[in-house]
Colleague: 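Got a structure here, written out as structure tokens. Questions coming.
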Amino acid sequence: MSWNTNYFYYLCTQMIKELPYHETELACKNEPLLEYVCEVSNHFWLSYDPDEVIMMDDGTYKKGVVEESLVPSKFVKRYSNDSIDISRIKKYEDSIEVQETLKAFNLDPSKFWYLCLCIKDYVDGQTIDTFKRSPSHRKIFKDLFDEMKKMTPNKGAELSFRVDGSKHPVKIADHDILFFLKDLVEAYLKMRPESNDEFLDSGHIDIHQTLTVASIYRIYLFDHYLSWFLQDLKADKSVMSANPNELISYDKKLLISRMIFVLGISDDKRYYEEYDKNARKNNFLKNNLRKYKDVTVPTLNKYYFM
């Protein structure tokens with residue numbers, strides 16, 4: 001940094017506002033610094049109370065209610081208890097490229113900082129030394145049904161069933177029986193639609209078996225959540241860089257990629273750099289995630305218990 005560095009550094013060090021502690025969920029909901037956190041949380045991490053009963057418009061009663069996310073209040077408690085690593089705040093403040101991109105998208109640097117901290121903390125709780133979750137019953141049924149749909153009158157199939165200890169499994173290869181079973185599974189799934197069904201939509205948690213997933217899945221999840229937040233934002237391309245020799249990046253994927261490096265999700269500097277050594281567009285994050293689509297991580301979040 002050579003151009004007007006002292007002035008820019010002064011602006012940055014005055015920038016990040018301290019997040020106050022709040023006792024109640026309502027206070028967290030109304031905290032201005034958590035605006036972006038609440039927006040993402042209420043899209044991805046809604047809460048579900050299986051015991052609350054509400055009356056429907058037709059006068060019937062329904063048990064189980066989807067409510068606003070508890071993630072913001074849990075995040076505030078973890079932040080206030082020093083459970084969240086904020087050691088990278090200076091790297092964030094010093095990142096001229098990130099700060100100027102935020103300015104172009106009219107994003108508040110403090111709110112964006114807490115959003116990225118929250119997403120990283122949530123992702124860490126889901127991916128690092130956490131509890132393994134078995135697939136839900138619904139997923140098992142859907143996987144079975146999806147496989148059975150591949151059957152045709154001219155394409156054979158076989159279903160095998162064996163009780164533990166038995167040496168003689170029952171094998172069903174008869175088309176008529178298999179198509180009948182397929183219809184039963186389909187009818188059962190239609191009878192119990194996806195709405196937080198206590199039996200179908202819950203998976204078994206093994207508290208004695210922990211799991212740390214490959215780091216690429218942390219990167220995938222961070223990108224997934226932050227991409228949703230940024231997707232509809234438009235850059236003001238009239239915003240100019242304070243450095244007359246530099247251009248502001250309006251690339252949202254590069255902004256996410258740079259935050260991955262700034263927060264230490266990866267220390268590979270290629271996530272931060274816009275161009276490679278041959279002056280070609282880097283696209284390092286996009287290229288790394290090319291083969292990862294619709295990824296699910298089979299774990300319980302140890303910090304947020306979701």
Side-chain angles (χ1 to χ4, degrees), residues 19-57 60-81 83-84 111-139 142 192-207 210-211 213 217-218 220-232 294-306:
L19 179 64
Y21 178 71
H22 295 291
E23 287 283 353
T24 67
E25 295 166 20
L26 180 61
C28 291
K29 174 183 172 182
N30 294 328
E31 168 55 55
L33 290 175
L34 294 177
E35 178 187 351
Y36 301 167
V37 171
C38 289
E39 187 177 341
V40 171
S41 299
N42 286 326
H43 179 79
F44 287 109
W45 309 314
L46 287 169
S47 298
Y48 177 69
D49 186 344
D51 298 319
E52 186 170 343
V53 178
I54 60 170
M55 187 170 72
M56 308 299 288
D57 292 339
T60 60
Y61 290 88
K62 177 185 176 182
K63 186 176 182 181
V65 178
V66 176
E67 300 174 330
E68 288 191 327
S69 178
L70 297 176
V71 167
S73 60
K74 291 181 179 179
F75 170 70
V76 169
K77 289 178 182 176
R78 286 181 50 73
Y79 181 87
S80 300
N81 291 334
S83 299
I84 295 176
K111 294 178 182 180
F112 190 75
W113 167 248
Y114 291 116
L115 171 62
C116 291
L117 273 188
C118 181
I119 292 176
K120 178 183 181 295
D121 192 51
Y122 187 92
V123 169
D124 286 352
Q126 192 174 355
T127 58
I128 300 175
D129 195 26
T130 190
F131 306 117
K132 187 174 182 180
R133 185 201 301 265
S134 65
S136 69
H137 296 132
R138 185 183 301 279
K139 185 176 188 312
K142 287 183 74 172
R192 303 180 74 160
E194 294 189 46
S195 58
N196 291 295
D197 186 295
E198 189 171 350
F199 170 72
L200 280 183
D201 296 318
S202 59
H204 173 70
I205 305 299
D206 187 350
I207 62 173
T210 58
L211 174 70
V213 303
Y217 292 104
R218 295 178 67 209
Y220 168 87
L221 290 172
F222 184 84
D223 171 76
H224 174 68
Y225 296 132
L226 196 51
S227 289
W228 176 86
F229 174 76
L230 295 171
Q231 63 182 349
D232 295 326
D294 300 322
V295 171
T296 56
V297 179
T299 59
L300 173 71
N301 197 302
K302 66 179 179 182
Y303 299 149
Y304 297 91
F305 297 102
M306 303 178 74

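This chain uses plain numbering: 1 for the first residue, then up along the sequence. Both backbone and side-chain heavy atoms feed into the values below; hydrogens, waters and symmetry mates do not.
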Colleague: Using only atom types and a distance under 3.5 Å, with no angle test, would you say the side chain of Thr299 pairs donor to acceptor with the backbone of Gln126?
Modeller: yes

Colleague: What's the separation between atom CD1 in Ile119 and atom OG in Ser41, rounded to the nearest 0.5 Å?
Modeller: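 One gets 8.5 Å once the value is rounded to the nearest 0.5 Å.
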
Colleague: Say you draw a straight line from CZ of Phe44 to CZ of Phe229; how long is it, rounded to the nearest 0.5 Å?
Modeller: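 The CZ atom of Phe44 sits 11.5 Å away from the CZ atom of Phe229.
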
Colleague: Provide the closest heavy-atom pair for Ser69 versus Asn42 in the form atom of the first, atom of the second, distance.
Modeller: N-OD1, 2.8 Å

Colleague: For the side chain of Tyr217 and the backbone of Thr127, is there at least one donor-acceptor N/O pair under 3.5 Å apart?
Modeller: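 Absent.
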
Colleague: How close do Val40 and Leu115 get, heavy atom to heavy atom, and via which atoms?
Modeller: CG2-CD1, 3.6 Å

Colleague: Please round to the nearest 0.5 Å and tell me the distance separating atom CG of Leu19 and atom SG of Cys28.
Modeller: 8.0 Å

Colleague: Looking at every heavy atom in both Pro72 and Leu34, which two are closest together, and how far apart are they?
Modeller: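 Looking at all heavy atoms of both residues, the shortest contact is O-CD1, 4.5 Å.
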
Colleague: Would you say Thr130's side chain and Gly125's backbone share a donor-acceptor pair under 3.5 angstrom?
Modeller: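 Yes: the side chain of Thr130 pairs with the backbone of Gly125.
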
Colleague: Which residue, Tyr225, Trp228, Tyr36, forms the ring-ring contact (aromatic ring centres under 6.0 Å, His included) with His43?
Modeller: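 Checked Tyr225, Trp228, Tyr36 against His43; only one passes ring-ring contact (aromatic ring centres under 6.0 Å, His included): Trp228.
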
Colleague: Check Cys118 against Val37 and note the closest heavy-atom contact, atom names and distance.
Modeller: SG-CG1, 3.8 Å

Colleague: side-chain hydrogen bond (donor to acceptor under 3.5 Å, both in side chains) with Glu35: which residues, sequence neighbours excluded?
Modeller: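 Here the qualifying residues are Lys111.
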
Colleague: Got a donor-acceptor contact below 3.5 angstrom from the Asn81 side chain to the Lys77 backbone?
Modeller: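 Between the backbone of Lys77 and the side chain of Asn81 there is a qualifying donor-acceptor contact (under 3.5 Å).
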
Colleague: How long is the gap from CG on Asn301 to CG on Asp124, to the nearest 0.5 Å?
Modeller: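 Asn301 atom CG to Asp124 atom CG measures 9.0 Å (nearest 0.5 Å).
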
Colleague: Supply the atom-to-atom distance Ser47 OG to Lys74 NZ, rounded to the nearest 0.5 angstrom.
Modeller: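 Taking OG in Ser47 and NZ in Lys74, the distance rounds to 6.5 Å.
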
Colleague: To the nearest 0.5 Å, what is the distance between CD1 (Ile128) and NZ (Lys302)?
Modeller: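 Separation between the atoms: 6.5 Å.
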
Colleague: Between Ser227 and His224, is there a donor-acceptor pair closer than 3.5 Å when you use the side chain of the first and the backbone of the second?
Modeller: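 No, the answer is negative, given that no donor and acceptor are paired below the 3.5 Å cut-off.
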
Colleague: With under 30° as parallel and over 60° as perpendicular, where do the rings of Tyr79 and Phe75 fit, or are they tilted in between?
Modeller: tilted

Colleague: Please determine whether side-chain contact (heavy atoms from CB on, under 4.5 Å) holds for the pair Leu226 and Phe112, giving the CA-CA distance in whole Å, both sets of side-chain angles, and the decisive distance to 0.1 Å.
Modeller: CA-CA 10 Å; Leu226 196 51; Phe112 190 75; 4.0 Å; yes

Colleague: Quick check: do Phe131 and Thr210 have side-chain heavy atoms less than 4.5 Å from each other?
Modeller: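 SC-SC contact between Phe131 and Thr210 confirmed.
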
Colleague: Any idea which heavy atoms bring Arg138 and Arg192 closest together, and the distance?
Modeller: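 Minimum heavy-atom separation between Arg138 and Arg192: NH1-O, 2.9 Å.
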
Colleague: Before we go on, tell me: are the rings of Tyr122 and Trp45 under 6.0 Å apart, centre to centre?
Modeller: yes

